[in-house]
There are 2 protein chains.
Amino acid sequence: MAKKNPTESELEVLNILWQHGPSSVRFVNDELNKKKEVGYTTTLKIMQLMNEKDLLTREISGKKHIYAHQIKEKATQKSLLEKFVDSTFRGSASKLVLQALGNHEASQEELDEIKAFIEKIEIKALIKKTENKKS
Amino acid sequence: MAKKNPTESELEVLNILWQHGPSSVRFVNDELNKKKEVGYTTTLKIMQLMNEKDLLTREISGKKHIYAHQIKEKATQKSLLEKFVDSTFRGSASKLVLQALGNHEASQEELDEIKAFIEKIEIKALIKKTENKKS
DNA sequence: AATAAACTACGAAACTATTCGTAATAAAGC
DNA sequence: GCTTTATTACGAATAGTTTCGTAGTTTATT
């Protein structure tokens, strides 16, 4: 049962919970307000709706409700990325990669990590090729 | 005067115009309907609004109006990508790159292109470093 | 226990994007 | 020229998201 992708505001909330773990509405709202002005009841409402949509769980702790993410960060990123590649790069992930590398300054460590990952892919492809020859 | 990013529907229209060049509403609507059902007047309306927003230009050719994109593909992709990296990967372009490479099967040619691009970045960084030592 | 402070619940307003029905207009075919 | 056909113009309905005011509830303070 794949869940619908979160909206922009929902994603903002999720990012905070992914970073900081289970949190109160107060905390999330304070975090949000570091980036933009948003009313407390607005944040409350969004989180309540997210709870109804099963994007968040809720625990009652004294007066407060403590919310936690119910969808995983990686899986959500993957789903959103898929849609984004389709709509913005007409399905070409490599075009997106080139753009991303061009726009943002990547550190040497990041570049190394990416290179290593590419190598891993290439090796995997090589093995596949060898196996095909055998059969 | 930076233009606002196009919406989902607007991007679909733009993708068709970027691929096929200036087109009539009829053509765009037919193209759209290859992927999903959408009424003619819906497409018409969207393109009219895009014209008002200066996302498209319009030329009258006989009975028909011919629309053309007024924003560039690369620039739009860059702007959308920037926002996407921020909202979905908390600003980490390299995380996005790793995910993108992991999700999609890239051909050897694409991988080579990416590797070459990384090398170019590394060389550029190296030159910068050397220059700094001199001064 | 009374008051104040912090929180949740609820409903409605505002905004944005999308969709399409209907009318008006222009062109094409007969 | 008249009818049919394709197009544009316009306005309104729909849907989804975001926003927040107000009321009610719970907890803390005195």
*Asks:* Is the phosphate of dT8(C) approached by Tyr40(A) (side-chain N or O, under 4.0 Å from OP1 or OP2)?
*Replies:*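 For dT8(C), OP1 or OP2 has a side-chain N or O of Tyr40(A) closer than 4.0 Å.
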
*Asks:* Working to the nearest 0.5 Å, report the span between OG of Ser79(B) and NZ of Lys3(B).
*Replies:* 12.0 Å

*Asks:* Rounding to a whole Å, what distance do you find between Phe27(B):CZ and dA6(D):P?
*Replies:* 18 Å

*Asks:* Output yes when at least one side-chain N/O atom of Thr7(B) is less than 4.0 Å from OP1 or OP2 of dA17(C), else no.
*Replies:*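 For dA17(C), OP1/OP2 do not have a side-chain N/O of Thr7(B) under 4.0 Å.
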
*Asks:* Counting side-chain heavy atoms from C-beta on, which of dT18(D), dT8(C), dT8(D) comes nearest to Glu8(A)?
*Replies:*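 Of dT18(D), dT8(C), dT8(D), dT18(D) is nearest to the side chain of Glu8(A).
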
*Asks:* List the steps, then state whether salt bridge (charged side-chain N to carboxylate O under 4.0 Å, His left out) holds for Lys124(A) with Glu119(A).
*Replies:* CA-CA 8 Å; Lys124(A) 218 190 282 177; Glu119(A) 243 171 71; over 6 Å; no

*Asks:* Between P on dT8(D) and CD on Glu59(B), what's the gap in Å once rounded to a whole number?
*Replies:*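 Atom-to-atom, Glu59(B) to dT8(D), this comes out as 14 Å.
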
*Asks:* Between atom CD in Glu10(B) and atom P in dT18(C), what is the gap in whole Å?
*Replies:* 7 Å

*Asks:* Assuming nearest nucleotide by heavy-atom distance, tell me which of Tyr67(A) and Lys53(B) is located more 5' along DNA chain C.
*Replies:* Tyr67(A)

*Asks:* Has Arg26(A) got a side-chain N or O lying under 4.0 Å from the OP1 or OP2 atom of dA6(C)?
*Replies:*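 No.
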
*Asks:* Over how many whole Å does the gap from Leu44(A) atom CG to dT17(D) atom P extend?
*Replies:* 18 Å

*Asks:* Please tell me if Arg58(B) has a side-chain N or O lying less than 4.0 Å from either OP1 or OP2 of dT7(D).
*Replies:*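 Answer is no, no contact under 4.0 Å.
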
*Asks:* Considering the options Lys34(B), Lys35(B), Lys36(B), which one meets the salt bridge (Lys or Arg N to Asp or Glu O under 4.0 Å) requirement together with Glu12(B)?
*Replies:*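 The residue from Lys34(B), Lys35(B), Lys36(B) that satisfies salt bridge (Lys or Arg N to Asp or Glu O under 4.0 Å) with Glu12(B) turns out to be Lys36(B).
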
*Asks:* Whole-Å distance between dC10(D) P and Met47(B) CE?
*Replies:* 17 Å

*Asks:* What's the closest nucleotide to the Leu49(B) side chain, out of dT18(C), dT8(C), dT19(D)?
*Replies:* dT18(C)

*Asks:* By nearest atom, which of the nucleotides dT8(C), dT7(D), dT19(D) is closest to the Lys64(B) side chain?
*Replies:*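 In terms of side-chain proximity for Lys64(B), the closest of dT8(C), dT7(D), dT19(D) is dT7(D).
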
*Asks:* Tyr67(A) versus Glu59(A): any side-chain heavy-atom pair under 4.5 Å?
*Replies:* no

*Asks:* Have a look at Ser9(A) and say if it touches a base, only the backbone sugar-phosphate, or nothing, with a 4.0 Å heavy-atom cut-off.
*Replies:* sugar-phosphate

*Asks:* In this structure, how many angstroms lie between the P atom of dT19(C) and the CD atom of Glu12(B), rounded?
*Replies:* 8 Å

*Asks:* Send over the distance from Asp30(A) CG to dA6(C) P, rounded to a whole Å.
*Replies:*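 My rounded result for the distance is 12 Å.
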
*Asks:* Rounding to an integer number of Å, can you tell me how far Ile66(B) CD1 sits from dT7(D) C1'?
*Replies:* 12 Å

*Asks:* Between the base of dG11(C) and the side chain of Lys45(A), is there any donor-acceptor pair under 3.5 Å?
*Replies:* yes

*Asks:* Will you find, in the side chains of Asn33(A) and Glu37(A), an N or O donor that is under 3.5 Å from an N or O acceptor?
*Replies:* no

*Asks:* Distance check: side-chain N/O of Gln48(B) vs OP1/OP2 of dA9(D), anything under 4.0 Å?
*Replies:* yes

